[in-house]
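Take a look at the structure below.
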Amino acid sequence: MREIILAKYGEIALKGLNKHTFEDMLVKNVKRRLKKFGQFEYFRAQSTLYIQPEDENIDMDLVMEAMEKIFGIAKLCRAVEVEKDFGKIAEKGIEYVSEALEDADTFKVEAKRADKRFPMKSPEICSRLGEIILERFPHLTVDVKNPNVTVTVEIREKGAYIHAVKVDGAGGMPVGSSGRAMLLLSGGIDSPVAGYMMAKRGVHLCAVHFESPPYTSERARMKVEKLASIMARYCGQIKFFCVPFTEIQEKIRENCSEEYFTIIMRRLMMRVAQRLCGENDISALVTGESIAQVASQTMAAMVCTDAVCKMPVFRPVIGMDKKEIIEISRKIGTFETSIEPYEDCCTVFTPKHPKTKPILENVEAEEEKYDFSELVDKAVHETRIYNIDAC
Ligand code: ATP
Ligand code: MG
């Protein structure tokens, strides 16, 4: 029994003249993601990508699991391929969808006859196949408006495909079709979700993580790498920038007034992150900030942070409650890792009374007490860069 996967495009299908650019990107992403499972043949027709394994031993359950995480796909069907002969379609096709039919009360048959040389027309295929199904599964009745199961027969150039089960794809746009952004990735719950949301809209993500050894441990960094590898199931391989941040944090503590620690630290994170963007063709920053969640996430604090940024800072979870963010983090599989109790550089030297409504001139005056430019250069220079693949 030869199976094939039908991946139906989401928003790409609505694109105009540039549709093929998005399609090409999607196909490239799918190929890259499925390479580890074996060889596949790919072809496209009518806003659908057909993916056929060339080797019978490929584990199609795992392939489907991977496919469900690829952005740009609205629906996925796993179908059986049979010869373009009605007898075979009825015999093998019905056998393939029998489980779905057994569990249903109502059904209908849909036929798509792309290969016009096939001798039967679509309505005839539907009615004859419907009759055979009713004979084999007497508990079923036909419901053309709202059936439990729709058995679809597609007669294409290369063969006939029969399927009955559609699952939701990841939606969104193909990763890479909306430019490149740098995600500030901590070990928390919010930033992986923020990254996921940007990737869903087609943004290719890189990630920067600030660590402050010995205040933060190697385990803490490994946790963040684990988060990146879970995210990579959706986003594809992530270029990871690990910035040594200890000296900068120590100089802030030595030179600036305590209530400004966090805001100055965040401005320095942005300065370093931007420099890394400039060197890596990245045009925006992404954070997991949500307004009013903590002292550093007030509107006034964000105004002060953004004042050092020369590129847009996207905050896709800005208007979400923690509960909503957690829901997504559970769905994408990062939650359990995010809640592991390791320290973050943000929790090192936290002020007792941080300024919740900092005024930019005061922040700048505080920051000018020490010239951080050399340390920023040094942090950029000493950043370790490596790629993280999906786990
Ligand atoms: P998260 O759950 O994402 O850690 P948070 O609610 O803990 O967020 P903060 O610690 O104030 O919030 O951090 C706000 C944002 O700053 C994070 O969402 C992340 O984008 C960025 N950030 C914080 N710490 C780091 C870090 N060590 N490295 C990189 N980015 C960081
Ligand atoms: Mg955090």
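Order of listing sets the numbers, starting from 1, for every ligand and every atom in it. What's counted below: heavy atoms across the whole structure, side chains too, no hydrogens, waters or symmetry copies.
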I'd like to check which ligand 1 atoms, numbered from 1 as shown, lie under 4.0 Å from a non-hydrogen atom of [X].
X      : answer
Gly288 : 17 (C), 18 (O), 20 (O)
Met269 : 24 (N), 25 (C), 26 (C)
Thr287 : 20 (O)
Cys346 : 10 (O), 23 (C), 24 (N)

Of the listed options ([options]), which comes nearest to [atom] when hydrogens are ignored and any heavy atom counts?
atom                    : options                        : value
atom 5 (P) of ligand 1  : Val294, Leu227, Asp190, Leu184 : Asp190
atom 22 (N) of ligand 1 : Ala220, Ala301, Ser186         : Ser186
atom 21 (C) of ligand 1 : Arg266, Met270, Gln297, Glu343 : Arg266

Exercise. Does the gap between the ring centers of Tyr386 and Phe241 come in under 6.0 Å?
Worked result: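 When the ring centroids of Tyr386 and Phe241 are compared, they turn out to be at least 6.0 Å apart.
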Exercise. Can you find a non-hydrogen atom of Glu211 under 4.0 Å from ligand 1?
Worked result: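 No; Glu211 lies far enough from ligand 1 that no heavy-atom distance drops under 4.0 Å.
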Problem set entry | side chain to side chain donor-acceptor pair (under 3.5 Å) partner of Thr106, the single match among Thr141, Asn148, Asn146 |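 The single option meeting the side chain to side chain donor-acceptor pair (under 3.5 Å) with Thr106 is Asn148.
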Problem set entry | Heavy-atom donor-acceptor pair, Ser217 side chain to Ala220 backbone, under 3.5 Å |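 The answer is yes, because a donor-acceptor pair under 3.5 Å joins these two groups.
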For this session: Measure the shortest side-chain to side-chain distance between Glu218 and Pro213 over non-hydrogen atoms and say whether it is less than 4.5 angstrom.
Result: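 They are not in side-chain contact.
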Exercise. Judging by distance only, is a nitrogen or oxygen of Phe210 under 3.5 angstrom from one on ligand 1?
Worked result: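 Indeed, backbone or side chain, Phe210 has an N or O that close.
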Exercise. Heavy atom under 4.0 Å from ligand 1: found in Leu183's side chain, backbone, both, or neither?
Worked result: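 No part of Leu183 comes within reach of ligand 1.
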For this session: Mind running side chain to side chain contact (heavy atoms under 4.5 Å, CB included) on Tyr42 and Val30 for me, showing each step along the way?
Result: CA-CA 10 Å; Tyr42 297 87; Val30 172; 3.8 Å; yes
For this session: Report the residues that fulfil ring pair (Phe, Tyr, Trp, His ring centres under 6.0 Å) with Phe37, sequence neighbours left out, ordered by chain and then residue number.
Result: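 Not a single residue meets the ring pair (Phe, Tyr, Trp, His ring centres under 6.0 Å) criterion with Phe37.
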For this session: Check salt bridge (charged side-chain N to carboxylate O under 4.0 Å, His left out) between Arg201 and all other residues, then give those that pass, not counting sequence neighbours.
Result: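 Partners of Arg201 under the salt bridge (charged side-chain N to carboxylate O under 4.0 Å, His left out) test: Glu11.
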